[in-house]
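Notes for the one structure printed next.
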Amino acid sequence: MNVLLTGGTGYIASHAAVVLMQMGHQVVLYDNLSNSSDGVLKKLTQITNTNIHFVKGDVRDTPLISAILIKHNIDAVIHFAGMKAVGESFEKPVDYYENNVQGTISLIRAMQAHNVKTLVFSSSATVYGQPQYLPLDENHPTHAINPYGRSKLHIEEMLSDLAASDASWKIACLRYFNPVGAHESGLIGENPNGVPNNLMPYIAQVATGQRQALNIFGNDYPTPDGTGVRDYIHVMDLSEGHAAALNFLSQTSGWHAINLGTGKGYSVLEMLQTFEKVSGREVPYKVVDRRAGDAAQCYANPQKAADLLGWSAKRSLDDMCKSTWRFQHEAFSCVADS
């Protein structure tokens, strides 16, 4: 299958590209490099021993996407491209709607024009909002509480309407929980521009001496150790979930919302302590005030993914931390050891 990955040089997409290529699919990576680097292409070539097709461009450029669909005879699209920082979305809501919602409309226009009607969309568990019950299944009400989450929910609803209007569309909206970890080679992993928005890369940067300490936002939640509990999923498990979704869509039409998570919750302190254990590095931290809108606990019910995709997460918390440390240490050992 020929697969176009928008946002293709980003964290999750680059790992998904490895999985897809190793399964025999042909991939084309498309990215404007606003939050990633084309340096990942050389690393992907090292991992897969395959030359990588890459096109620099914005997802809002419908004519360019159309040209790629034709040139590479694309069969399916996995849509990763979009802005993704919750805090930033409050500061720049219009940018989030323009990039995420308008970008998806642009992509769909190109796909419609060339009869490419298989789409896997990179959604998020943020569409659920504050948990009304746990674990979160796909029947849980959706009520996004920030512009980022609302942009994802708008896209999901738009894609649902699209599938309802045309039965030939095959669409899976994959609701991620908290992707962490890196490829086992240590060559690719999460390397955000600027200050990390997510817990694991921040812990890793503290461990390598790039940052002084981790801020833990509240230690008085009704959880075993008082810190927030989340469902963390290894990025390679997540990537394999995308491949399973493509296989599912090859035989199934319509619109489908599917959680990708482990079904287990880990606290901030558990994450920190496990990282300290596997890295042999101390991770200093300080407890600060809770953040508005943070839930005490949030974790998935992944049963639907098991039933429909034949997929489940297999990698452990130790695996997540070890692979992150390998990537971070190999990429920044000169900083850590200076």
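The residues of the chain are indexed from 1 along the displayed sequence. As the structure is a computational prediction, the values presented were derived from the model and not from experiment.
- With rounding to the nearest 0.5 Å, the separation of NZ in K322 from CD in E184 is 13.0 Å.
- Under a hydrophobic clustering in which Ile, Leu, Val, Met, Phe, Trp and Tyr are joined whenever their side-chain heavy atoms come within less than 4.5 Å, directly or via other members, V59 and V3 fall into different clusters.
- The main-chain N or O of E270 is found under 3.5 Å from a side-chain atom of T274 such that the two form a donor-acceptor pair.
- Of all the heavy atoms in G254 and A163, the pair that sits closest is C-CB, 4.1 Å.
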Given D225 and T227, is the side-chain hydrogen bond (donor to acceptor under 3.5 Å, both in side chains) satisfied, shown in steps? CA-CA 6 Å; D225 62 25; T227 63; 2.6 Å; yes
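- Of all non-hydrogen atoms in S185 and I47, the two that sit nearest each other are OG-CD1, 3.6 Å.
- Annotation: side chain of N301 is not in contact with side chain of H140 (no heavy-atom distance under 4.5 Å).
- Pairing each heavy atom of S253 with each of A167, the nearest pair is CB-O, 3.5 Å.
- Counting heavy atoms from C-beta outward, L134 and Y299 have side chains that approach closer than 4.5 Å.
- The OH atom of Y232 sits 5.0 Å away from the CE atom of M271 when rounded to the nearest 0.5 Å.
- Under a hydrophobic clustering in which Ile, Leu, Val, Met, Phe, Trp and Tyr are joined whenever their side-chain heavy atoms come within less than 4.5 Å, directly or via other members, V18 and I233 fall into the same cluster.
- Closest approach of A245 to A172, counting heavy atoms only: CB-CB, 4.5 Å.
- Contact detail for G149 and V127: the closest heavy-atom pair is O-CG1, 4.1 Å.
- Each salt bridge (Lys or Arg N to Asp or Glu O under 4.0 Å) pair with one or both residues in residues 53-63, not counting sequence neighbours, appears once here: D58-R60, R60-E98.
- In this structure a side-chain-to-backbone donor-acceptor pair under 3.5 Å is present from H234 to M236.
- We find the CZ-CD1 distance between F121 and I108 to be 10.0 Å, quoted to the nearest 0.5 Å.
- Between I78 and V27, the closest side-chain pair of non-hydrogen atoms is not below 4.5 Å.
- Proximity of C173 to L159: side-chain heavy atoms (C-beta onward) are separated by under 4.5 Å at one or more points.
- If you chain together ILVMFWY residues whose side-chain heavy atoms come under 4.5 Å of each other, Y96 ends up grouped with M83, V86, F90, Y148.
- A 4.5 Å side-chain heavy-atom check between D75 and T118 finds every atom pair outside the cut-off.
- The salt bridge (Lys or Arg N to Asp or Glu O under 4.0 Å) contacts involving residues 231-258 comprise D237-R315, E240-R315, where partners must be two or more places apart or lie in separate chains.
- Of the possible donor and acceptor atoms, one in the side chain of R281 sits under 3.5 Å from a partner among the backbone N and O of A207.
- For the pair E276 (side chain) and V283 (backbone), a donor-acceptor distance under 3.5 Å is present.
- Residue M320 is not grouped with residue L238 when hydrophobic side chains (ILVMFWY) are merged at heavy-atom distances under 4.5 angstrom, including chains of intermediate members.
- In the hydrophobic clustering of this structure, L153 does not group with L162; members are Ile, Leu, Val, Met, Phe, Trp, Tyr whose side-chain heavy atoms approach within less than 4.5 Å, directly or through other members.
- Residue pairs satisfying the side-chain hydrogen bond (donor to acceptor under 3.5 Å, both in side chains) criterion with at least one member in residues 39-54, sequence neighbours excluded, are absent.
- Under the side-chain hydrogen bond (donor to acceptor under 3.5 Å, both in side chains) criterion, the residue pairs touching residues 1-16 are T6-H79, T9-D31, T9-S36, with sequence neighbours excluded.
- The hydrophobic cluster analysis finds I145 isolated: no Ile, Leu, Val, Met, Phe, Trp or Tyr side chain comes under 4.5 Å of it, directly or through other members.
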Could you give me the CA-CA distance, side-chain angles and deciding distance for R290 and D220, then say whether side-chain contact (heavy atoms from CB on, under 4.5 Å) is met? CA-CA 9 Å; R290 292 186 185 187; D220 57 351; 2.9 Å; yes
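- Rounded to the nearest 0.5 angstrom, I258 CD1 and L309 CG are separated by 4.0 Å.
- Looking at every heavy atom in both residues, A110 comes nearest to S66 through CB-OG, 3.5 Å.
- Two residues are said to be in side-chain contact when any heavy atoms from C-beta on lie closer than 4.5 Å; H114 and I74 fail this criterion.
- Hydrophobic clustering (side-chain heavy atoms under 4.5 Å, transitive across Ile, Leu, Val, Met, Phe, Trp, Tyr) keeps I12 apart from L107.
- Judged purely by distance below 3.5 Å, without hydrogens or angles, the side chains of N178 and Y266 never pair a donor atom with an acceptor atom.
- For T252, the side chain to side chain contact (heavy atoms under 4.5 Å, CB included) partners two or more places apart in sequence, or in a different chain, are F248, H256.
- Annotation: salt bridge (Lys or Arg N to Asp or Glu O under 4.0 Å) contacts involving residues 151-178, sequence neighbours excluded, comprise K117-D166, E156-R175.
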Show, in sequence, the C-alpha distance, side-chain angles and deciding distance for S267 and V229, and conclude whether the side-chain contact (heavy atoms from CB on, under 4.5 Å) test is met. CA-CA 4 Å; S267 75; V229 169; 4.0 Å; yes
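- For Q303, the side chain to side chain donor-acceptor pair (under 3.5 Å) partners at least two apart in sequence or on another chain are D307.
- Using a 4.5 Å heavy-atom cutoff, the side chains of C321 and V278 are in contact.
- When the shell of 6.0 Å around CD of Q251 is examined, it contains more than 12 heavy atoms from other residues, nucleotides or ligands.
- In this structure, K314 does not pair ionically with D319, as no charged nitrogen and carboxylate oxygen lie closer than 4.0 Å.
- Surrounding NZ of K264 are at most 12 heavy atoms belonging to other residues, nucleotides or ligands under 6.0 Å away.
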Evaluate side-chain contact (heavy atoms from CB on, under 4.5 Å) for V235 paired with E190, printing each intermediate quantity in order. CA-CA 9 Å; V235 68; E190 187 170 12; over 6 Å; no
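- Distance check, rounded to the nearest 0.5 Å: NZ of K84 to CG of N35 gives 6.0 Å.
- Looking at L64 and Y30, their side chains come closer than 4.5 Å, going by heavy atoms from C-beta outward.
- Note on residues 164-215: pairs passing ring-ring contact (aromatic ring centres under 6.0 Å, His included), not counting sequence neighbours, are Y176-H242.
- Hydrophobic clustering, defined by side-chain heavy atoms of Ile, Leu, Val, Met, Phe, Trp and Tyr closer than 4.5 Å, groups V288 together with F217.
- With L20 as reference, H25 is the one residue of M1, Q26, H25 to meet the side-chain contact (heavy atoms from CB on, under 4.5 Å) rule.
- Formation of a donor-acceptor pair under 3.5 Å by the E138 side chain with backbone atoms of N259 is found in this model.
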Could you give me the CA-CA distance, side-chain angles and deciding distance for L44 and L29, then say whether side-chain contact (heavy atoms from CB on, under 4.5 Å) is met? CA-CA 11 Å; L44 290 176; L29 308 186; 3.7 Å; yes
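- T324 pairs by the side chain to side chain contact (heavy atoms under 4.5 Å, CB included) definition with M200, A204, F275, not counting sequence neighbours.
- Taken from CG in L269 to CG in L214, the straight-line distance is 9.0 Å, to the nearest 0.5 Å.
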